[in-house]
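Heads up, the thing below is written out as structure tokens.
Computed over heavy atoms, backbone and side chain alike; hydrogens, waters and symmetry mates excluded.
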Amino acid sequence: MTLAHKVETIIFRDADVPKGQINVNAVDGVVYLRGEVEQPDMIRELEEAARAVQGVREVENLLHTPGAPAPTA
């Protein structure tokens, strides 16, 4: 199982997470979260959940709320 898939399994466990609006990539232990979520709190929660996955060295959190500009890495 790839690291990105492991992270998806964990962060998409909650039914409130908009699976179709979040993209997860991993390169050399760095996980990139991209997409749009309704609640600002969810942005932080998803990053914390991703950081807790074994094998994750760093998380680049590029998630944003609707209407807010997407952060850039």
Side-chain angles (χ1 to χ4, degrees):
M1 181 183 297
T2 66
L3 184 57
H5 188 69
K6 278 196 233 179
V7 170
E8 288 172 346
T9 299
I10 297 298
I11 69 172
F12 294 154
R13 195 171 279 166
D14 184 339
D16 292 338
V17 177
K19 296 171 185 61
Q21 293 173 249
I22 298 175
N23 186 282
V24 179
N25 294 93
V27 179
D28 296 330
V30 180
V31 172
Y32 296 86
L33 302 176
R34 293 182 178 88
E36 189 174 280
V37 296
E38 295 291 327
Q39 304 298 324
D41 287 350
M42 187 177 283
I43 293 173
R44 188 187 73 253
E45 291 166 7
L46 292 173
E47 178 178 342
E48 289 172 2
R51 285 185 188 282
V53 175
Q54 185 176 356
V56 174
R57 292 191 300 110
E58 186 59 52
V59 176
E60 287 289 336
N61 190 343
L62 305 176
L63 297 170
H64 60 97
T65 54
T72 54

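In this structure E36 satisfies the side chain to side chain donor-acceptor pair (under 3.5 Å) test with no other residue, sequence neighbours excluded. Legend: residues meeting salt bridge (charged side-chain N to carboxylate O under 4.0 Å, His left out) with R57, ordered by chain and number and at least two apart, are absent. Not counting sequence neighbours, the partners of E58 by the salt bridge (charged side-chain N to carboxylate O under 4.0 Å, His left out) test are R51. Evaluation of the salt bridge (charged side-chain N to carboxylate O under 4.0 Å, His left out) rule for D41 yields R44 as partners, not counting sequence neighbours. Taking P18 as the reference, Q21, I22, V37, M42 meet the side chain to side chain contact (heavy atoms under 4.5 Å, CB included) condition, with sequence neighbours excluded. Here N23 pairs with nothing under the side chain to side chain donor-acceptor pair (under 3.5 Å) rule; sequence neighbours left out.
Counting heavy atoms from C-beta on, the side chains of V24 and L33 come closer than 4.5 Å. By the 4.5 Å heavy-atom criterion applied to side chains, P71 and H64 are counted as neighbours.
The two residues A4 and A26 make their nearest non-hydrogen contact at N-CB, 3.9 Å. Closest heavy-atom contact between V30 and E60: CG1-CG, 4.0 Å.
L63 and V53 end up in the same hydrophobic cluster when Ile, Leu, Val, Met, Phe, Trp and Tyr side chains are linked at under 4.5 Å.
The one candidate from V31, V27, D28 that meets the side chain to side chain contact (heavy atoms under 4.5 Å, CB included) condition with L3 is V31.
Rounded to the nearest 0.5 Å, atoms CG (N61) and CD (E48) are 10.0 Å apart.
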Mind listing the side-chain donor-acceptor pairs of residues 5-16 below 3.5 Å, one per line with the distance, residues two or more places apart or on another chain?
| residue | atom | partner | partner atom | Å |
| --- | --- | --- | --- | --- |
| T9 | OG1 | H5 | O | 2.9 |
| D14 | OD1 | D16 | N | 2.8 |

